[in-house]
Amino acid sequence: MSKSTAPDGDDASRPPRVVALGGGHGLYASLSALRRVTTDVTAIVTVADDGGSSGRLREELGVLPPGDLRMALAALCGDDEWGHTWTQVLQHRFRSEGDLHGHAVGNLLIVALWELLGDSVAGLDWVGQLLGAHGRVLPMSSVPLEISAEVAGVDPARPEELTTVRGQVACASTSGRVRSVSLVPEGPPASPQAVKAVREADWVVFGPGSWFTSVLPHLLVPELAHALVTTRAKRLVVLNLSPQKGETDGFRPETYLEVLREHAPKLGVDVVLADVAMVEEPAPLMSIVDELGGRLELADLSRGDGTPRHDTDKLVTALEDILRDRYGD
């Protein structure tokens with residue numbers, strides 16, 4: 001798309017509109033970097049968590065699980081004293097012998113606003129205003145969801161036998177190999193604001209994060225998936241630094257893209273960003289990137305401390321180079 005045909009006829013001098021998809025620590029990493037690259041970032045977050053504080057609140061009150069939404073809001077807090085303080089408040093967990101044990105303050109704050117306002121998006125917007133968040137956080141669906149996975153080798157004696165595993169925690173911690181995921185209920189309603197954000201974006205960012213339980217679920221919400229396939233935005237995939245036990249054991253860099261294509265055959269990709277150290281044999285990865293219609297960008301992205309986590313400063317540098325080309329070559 002040329003600059004003369006920028007979305008909505010907007011002036012090319014404005015900051016790029018970026019939508020980031022995912023949940024948990026992976027989305028936290030991308031948002032922590034993106035808020036330093038653009039002032040117009042929207043997080044669209046999975047709502048299938050069933051563990052910990054989120055799972056308890058979901059079961060007791062019937063609300064969307066707030067944990068991944070809370071983490072996204074925390075990631076968008078600024079680097080000043082206000083931002084640091086509110087990040088700590090949101091992430092603080094009570095330690096006690098009673099019912100509050102393990103609950104995160106941010107989860108309780110979000111759910112309280114949902115109950116008062118009767119609107120999940122409005123509640124998140126109010127929390128964002130309180131925090132001075134550098135962006136917006138939206139749920140991918142308006143109803144709580146459950147992840148169902150087809151898993152091979154749950155029984156080590158039958159490595160190719162498929163078993164259905166239900167629940168995000170169970171899928172993420174399975175001893176088998178996840179082959180595919182689906183959502184319960186099937187074909188859930190998308191958040192209208194999330195669909196609108198995707199349609200108006202300049203860039204949509206997939207990953208990093210838990211591939212089957214945080215990244216792929218967005219493509220299983222029909223209206224959101226349609227928007228992701230048909231949007232005029234460019235699509236960037238940020239690959240994980242290492243396989244995740246259970247979900248992506250044994251994955252090569254190209255396997256992430258193969259699974260993405262299996263779950264969304266019509267989805268094109270413009271750029272794939274990967275850590276140079278994780279790509280020992282670039283040819284297979286370059287081949288599938290080419291098949292998806294994109295280009296491969298390799299950079300040093302790791303913290304270098306032995307943990308499989310992205311370095312925020314390095315990710316900022318890489319994203320600045322990519323997102324600078326907002327409307328295409």
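In what follows, every heavy atom counts, from backbone to side chain, and hydrogens, waters and symmetry copies are set aside.
Glu247 and Thr213 share a side-chain donor-acceptor pair at under 3.5 Å. In summary, the side chains of Thr312 and Arg303 do not present any donor paired with an acceptor at a separation below 3.5 Å, with no hydrogens or angles considered. Looking at Gln193 and Arg136, their side chains never bring a donor and an acceptor atom within 3.5 Å of each other. Thr307 and Asp305 share a donor-acceptor pair across their side chains, judged by distance under 3.5 Å alone. For the residue pair Ser53 / Asn107, a side-chain donor-acceptor distance below 3.5 Å is found, with atom types taken as modelled. A side-chain N or O of His103 and one of Arg56 form a donor-acceptor pair less than 3.5 Å apart. A donor atom on one side chain and an acceptor atom on the other are found under 3.5 Å apart for Glu150 and Thr164.
Summarising the geometry, atom CG belonging to Leu145 is positioned 7.0 Å from atom CZ belonging to Arg58; distances are rounded to the nearest 0.5 Å. Summarising the geometry, atom CD belonging to Glu146 is positioned 13.5 Å from atom CD belonging to Glu186; distances are rounded to the nearest 0.5 Å. The distance from the CG atom of Leu130 to the CG atom of Asp125 is 12.5 Å, given to the nearest 0.5 Å. Interatomic distance, Phe206 CZ to Leu239 CG, rounded to the nearest 0.5 Å: 12.5 Å.
Using cut-offs of 30° and 60° on the angle between ring planes, the pair Trp86 and Trp82 is tilted.
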Stepwise, does the side-chain hydrogen bond (donor to acceptor under 3.5 Å, both in side chains) test hold for Ser210 with Gln244?
CA-CA 7 Å; Ser210 300; Gln244 183 177 353; 3.1 Å; yes
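Between Glu320 and Arg36, no side-chain nitrogen of the basic residue sits less than 4.0 Å from a carboxylate oxygen of the acidic one, so the salt-bridge criterion is not met. Taking the charged nitrogens against the carboxylate oxygens, Arg17 and Asp202 have no contact shorter than 4.0 Å, which rules out a salt bridge.
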